[in-house]
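Hydrogens, waters and symmetry mates are skipped; everything else that's a heavy atom, side chains included, is used. Proteins come first, then strands; the chains are lettered A, B, ... in the order of their sequence lines, and each starts at number 1. Since we're looking at a predicted model, the values are computed, not measured.
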Amino acid sequence: MEIRTTFHKRLREIQDDVLIMGSIVEKAISRSIEALKKRDLDMAQQVIADDLKVNAKRFDIEEKCIKLIATQQPMASDLRIIIGVLNVVSELERIGDYAEGTAKIVLMIGDEPSLKPFIDIPRMAEKTKEMLRSSLDAFVNHDAEFARQIVVGDDEVDGLYEQVFRELLTFMAEDPTTITRATRLIWVAHNLERSADRVTNICERIVFMVTGKMEEIGASKY
Amino acid sequence: MMNTKYVLSNDKVSQYNKVKVRTEEVSLYYGNFQALRDVTLNIPECAITAIIGPSGCGKSSFLRLLNRMNDLIAGARVEGLVEIDGIPIYKRAIDVVELRKRVGMVFQKPNPFPMSVFDNVAFGPRRHGKISRGELTDIVEQSLRQAALWDEVKDKLNQSALALSGGQQQRLCISRVLAVEPEVILMDEPCSALDPVATLKIEDLMRILAKKYTIVIVTHNMQQAARVSDTAAFLMMEEDRAGVLVEHGPTSQLFTNPKDQRTEDYITGRFG
């Protein structure tokens with residue numbers, strides 16, 4: 001017989017909030033890359049403005065967690081869920097910052113001509129978003145096994161990052177006038193690479209939440 | 001399936017000095033009713049062990065096994081082994097009065113005797129042997145100091161103990177136990193009749209006493225068990241209402257990552 005109905009309902013609501021926050025962050029990644037591809041400075045401005053919403057959501061969730069700890073004295077898996085949520089929201093908030101960072105780079109690039117068509121950077125973004133979405137599924141379903149599998153995707157993102165880096169390096173070596181533009185694109189790629197690393201952190205937290213064990217499940221090359 | 005038995009593994013116990021009290025497959029009956037079944041538990045010395053579990057699971061009965069308080073109940077019968085320092089306490093040759101001196105008990109409601117503060121604490125030492133007035137004064141002061149009560153009562157030692165507050169009365173009862181120099185202190189819901197501040201004082205006191213004494217506490221308050229104990233044991237009732245030990249482990253583990261699903265369900269409030 002369930003006897004802490006109200007408490008468990010609130011705990012469920014907090015986890016739903018994390019999903020909402022996750023989808024806002026995912027959208028921020030999409031739009032920052034979209035803004036880069038289309039040189040859409042308005043969209044970039046919008047991503048920067050929307051990051052405030054991500055931060056506000058994070059504080060809102062944290063406050064709810066603190067209230068539950070203070071008033072309900074959660075134990076065992078309930079306690080681990082709350083600690084997991086606190087960790088996951090701070091990772092999501094950072095991923096949001098990386099998207100915001102990318103949007104700022106888009107503003108810096110302005111209407112400078114492109115070095116080359118964007119192929120690998122959007123692929124990195126797609127893979128990162130896929131990992132993020134999967135991690136949120138694993139989070140809401142308390143699925144540690146799935147969380148462990150998601151981490152494998154980070155190697156793919158790392159591989160793409162390496163590819164982007166090498167290619168841009170070639171541009172710079174051949175023509176020093178491209179250095180500024182190429183460096184900015186390396187920053188964008190780096191933001192995505194770091195975002196994927198943050199997703200692996202989320203996955204580690206999910207494993208802890210479910211099993212109570214702290215494990216490092218994927219070490220990024222970068 | 002419900003007969004799984006957990007014993008604190010040896011590597012976990014070795015964090016503590018040694019096992020002070022040990023029960024092995026202990027069952028307790030009240031007439032035809034079996035109150036406890038096959039409880040095997042190692043209680044470490046100079047540490048606090050909390051017994052938790054739903055009402056009626058046999059927590060208090062288990063506690064009372066440890067100083068043979070159940071002997072006083074007609075029809076009570078014990079099977080299995082209960083040892084203190086490796087010596088079985090249910091042997092006929094055991095002096096029960098001596099045993100209860102070594103294994104003191106603090107009850108749910110403070111129960112000071114209707115006499116002065118001094119006489120309450122001096123009661124045990126007087127009964128247990130001839131003792132000079134000077135020695136007695138020392139013992140009373142020492143016991144009251146250990147129970148963190150001395151400063152509050154030193155000027156009213158001759159006043160009635162019944163005039164003290166509930167929290168003070170409970171600390172007086174603890175002093176009374178300490179005065180006969182026990183080794184093990186059993187506490188049966190010692191704070192359930194106290195306000196939060198008095199409760200925290202007792203908990204603080206317990207941590208200090210645990211440096212010298214082995215403490216076993218029964219509590220309904222899971223947060224209290226989590227705050228105060230070093231190891232925790234979870235008991236629950238089986239279908240025939242007999243209490244069994246489900247899990248015993250370090251408190252930090254039992255309340256964050258219990259091994260048994262039944263413990264998890266109980267401490268997260270998914271059944272009660």
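The neighbour count for B:Arg241 CZ, taken as heavy atoms of other residues, nucleotides or ligands under 6.0 Å away, does not exceed 12. Atom NZ of A:Lys64 has more than 12 neighbouring heavy atoms from other residues, nucleotides or ligands inside a 6.0 Å radius. Enclosure of atom CZ in A:Phe165 is not indicated, since only 12 or fewer non-hydrogen atoms of other residues, nucleotides or ligands lie within 6.0 angstrom.
Remark: B:Gln223 CD to A:Gln72 CD distance equals 10.0 Å, nearest 0.5 Å. Here the CG-CE distance, from B:Leu254 to A:Met75, works out to 9.0 Å after rounding to the nearest 0.5 Å. One distance of note links OG1 of A:Thr5 with CZ of B:Arg270; it measures 10.5 Å at 0.5 Å rounding. The structure places CG of B:Asp265 at 8.5 Å from OG of A:Ser77, a figure rounded to the nearest 0.5 Å.
In terms of heavy-atom proximity, A:Ala76 sits nearest to B:Thr268 at CB-CG2, 3.9 Å. Of all non-hydrogen atoms in B:Thr256 and A:Arg80, the two that sit nearest each other are O-NH1, 2.5 Å.
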